[in-house]
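Because the structure is predicted, anything quoted here is derived from the model rather than measured.
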Amino acid sequence: MKLKTQMKISYLVFSVLMVMAECSFAQQWMRSLSVAQDLAMVQNKMVLMVWEDTTTYPYPVLVEDEKGRKILVRNLFTDEYISPIIWDYFVPVIVSEDKYEELYLQIKGKRNQTYIDKFNDDSIKIMDVNGHILNIEPSYEMYENITKIIEKYALHTEYLESELRNYHDKKDVYSGYFLASKYLDFAMYINAKVRPEVIDLAETYINDTALLLENSVISDKSSVEQRLELLAAKRDLIAERPRSAIRKLKRVERDGIDETNLSLASFLFYTANACLGRLEEANEWKSNISSLNLKQAQKIINLNK
């Protein structure tokens with residue numbers, strides 16, 4: 001265990017040294033997506049990514065001053081003022097077109113067309129450390145607004161640190177489930193403007209984990225499958241869709257709740273019914289819920305008011 005920890009630390013040190021050798025933190029963008037992701041992991045940041053072809057022509061963007069006045073920056077990639085600002089909030093990286101096919105094959109058949117279009121276009125992509133795009137909705141503005149991007153997407157991911165690292169180190173059904181669940185918890189406490197996108201990101205991990213589960217040989221496969229169904233109900237609750245959550249929960253109840261999932265199911269049944277004002281039905285599940293989960297339930301109830 002000690003050797004493994006030392007190896008991880010050595011790897012992180014190596015990654016940071018690679019970063020320092022590769023670019024000036026204040027001015028230049030990184031050129032390796034994997035190293036950018038490692039640095040973002042260490043700094044608890046999101047990755048800001050563009051394709052290399054985008055940098056072959058001027059890329060004008062907007063920034064706003066302290067009074068909200070918009071200023072046109074003629075080229076995102078060469079302006080000495082804007083690069084340090086981006087570095088304060090993201091790890092920026094320019095990705096070679098040679099990496100396109102490799103990255104595309106990782107998402108082929110797993111993402112909707114909106115996601116694929118965002119992956120393909122020349123716009124700024126905000127990614128987590130595992131390469132999942134957060135800002136998939138298209139922008140119809142003439143120029144991207146860097147100030148708005150920072151305000152909305154500069155997420156500090158320390159809350160997710162352990163789960164992000166576990167999934168990054170070993171992608172399996174367990175690490176996928178716990179990361180998806182943590183992203184949903186994270187969504188409850190962040191700016192409401194970005195909450196739907198973080199919920200969608202959690203759903204991406206739920207779907208990817210379901211695909212991993214199909215090809216997994218594990219003793220508790222049916223239990224994990226049900227847990228993912230319950231997680232989908234939790235997603236609906238945080239997205240303020242309690243009736244949809246109830247329908248999913250009723251299907252789980254009809255099939256029989258696995259004993260290992262009883263605590264989670266009780267929490268969700270209680271929360272969903274409370275959101276709908278069905279206090280009598282909610283209280284039937286309350287005895288199975290810890291005081292900590294009751295506090296989280298109240299947070300979700302408040303979101304649904």
Side-chain angles (χ1 to χ4, degrees), residues 4-5 7-20 22-23 25 28-52 86-96 99-100 102-107 110-111 115 118-119 123-136 149-150 152-187 189-191 194-195 197-209 211-212:
K4 186 176 182 181
T5 302
M7 289 175 67
K8 284 187 176 182
I9 293 172
S10 297
Y11 177 69
L12 290 175
V13 171
F14 173 74
S15 297
V16 173
L17 289 174
M18 286 286 289
V19 171
M20 296 176 69
E22 191 172 70
C23 69
F25 273 67
Q28 298 183 20
W29 291 43
M30 300 187 70
R31 295 279 177 167
S32 167
L33 179 58
S34 62
V35 176
Q37 289 169 330
D38 287 338
L39 183 59
M41 183 89 72
V42 172
Q43 296 186 346
N44 292 312
K45 292 179 180 178
M46 305 292 281
V47 173
L48 190 151
M49 174 270 201
V50 294
W51 292 110
E52 188 175 32
I86 291 175
W87 270 104
D88 282 342
Y89 297 98
F90 302 100
V91 177
V93 61
I94 296 167
V95 177
S96 169
K99 298 286 291 183
Y100 174 83
E102 175 189 338
L103 295 173
Y104 176 72
L105 289 176
Q106 294 175 14
I107 62 173
K110 300 178 183 178
R111 304 289 184 266
Y115 189 105
K118 182 69 176 183
F119 174 81
S123 69
I124 291 170
K125 283 158 264 293
I126 307 300
M127 296 177 162
D128 73 359
V129 298
N130 296 310
H132 291 51
I133 301 173
L134 178 62
N135 62 328
I136 67 170
I149 288 174
I150 290 171
K152 189 173 184 180
Y153 298 113
L155 304 178
H156 185 70
T157 59
E158 184 178 5
Y159 181 78
L160 303 158
E161 183 177 5
S162 177
E163 288 76 14
L164 283 169
R165 186 173 302 284
N166 289 341
Y167 187 84
H168 189 263
D169 291 345
K170 185 180 181 182
K171 185 190 299 184
D172 60 21
V173 295
Y174 303 109
S175 62
Y177 166 80
F178 285 115
L179 179 53
S181 181
K182 201 61 176 284
Y183 259 120
L184 288 177
D185 293 344
F186 186 54
Y189 298 100
I190 59 176
N191 191 310
V194 75
R195 183 176 298 133
E197 288 161 287
V198 174
I199 293 171
D200 287 345
L201 186 55
E203 184 172 7
T204 297
Y205 280 103
I206 293 173
N207 294 338
D208 284 359
T209 302
L211 290 173
L212 286 172

Worksheet entry | Any residue meeting side chain to side chain contact (heavy atoms under 4.5 Å, CB included) with Ala40, in chain and number order, not counting sequence neighbours |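 For Ala40 the side chain to side chain contact (heavy atoms under 4.5 Å, CB included) partners, ignoring immediate neighbours, are Val47, Val91, Val129.
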Ignoring hydrogens, what is the shortest heavy-atom contact between [X] and [Y]? Give both atom names and the distance.
X: Asn135; Y: Ile124; value: ND2-O, 3.1 Å
X: Trp87; Y: Met30; value: CH2-CG, 3.6 Å
X: Thr209; Y: Val173; value: CG2-O, 3.3 Å

Worksheet item: Which residue, Asp200, Thr204, Leu201, forms the side-chain contact (heavy atoms from CB on, under 4.5 Å) with Leu134?
Response: Leu201
Worksheet item: For His132, does its backbone N or O pair with a side-chain atom of Asn130 as donor and acceptor, under 3.5 Å?
Response: no
Worksheet item: Any sub-3.5 Å donor-acceptor pair from Lys125's side-chain atoms to Ser123's backbone N or O?
Response: yes
Taking only residues two or more places apart in sequence, or in another chain, which ones meet [X] in a side-chain hydrogen bond (donor to acceptor under 3.5 Å, both in side chains)?
X: Gln37; answer: none
X: Lys171; answer: none
X: Tyr115; answer: none

Fill in: Residues in ring pair (Phe, Tyr, Trp, His ring centres under 6.0 Å) contact with Tyr167, at least two apart in sequence or another chain
Tyr205
Worksheet item: Excluding sequence neighbours, so at least two apart, what forms ring pair (Phe, Tyr, Trp, His ring centres under 6.0 Å) with Tyr100?
Response: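 Trp51, Tyr104, Phe119.
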Would you say that [X] contacts [Y] through its side chain, given a criterion of any heavy-atom pair below 4.5 Å between the two side chains?
X: Thr157; Y: Met46; value: yes
X: Asp128; Y: Leu164; value: yes
X: Ile149; Y: Tyr89; value: no

Worksheet entry | Residues Arg111, Asp208: salt bridge by 4.0 Å N-O rule | yes
Worksheet item: Does a side chain donor of either Ser175 or Asp172 reach within less than 3.5 Å of an acceptor in the other side chain?
Response: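 Ser175 vs Asp172: donor-acceptor pair found between side chains.
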Worksheet entry | CG-CE distance between Leu33 and Met49, expressed to the nearest 0.5 angstrom |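 Rounded to the nearest 0.5 Å, the CG-CE separation comes out at 6.5 Å.
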Worksheet item: Within a reach of under 6.0 Å around CD of Gln106, are more than 12 heavy atoms found that belong to other residues, nucleotides or ligands?
Response: yes
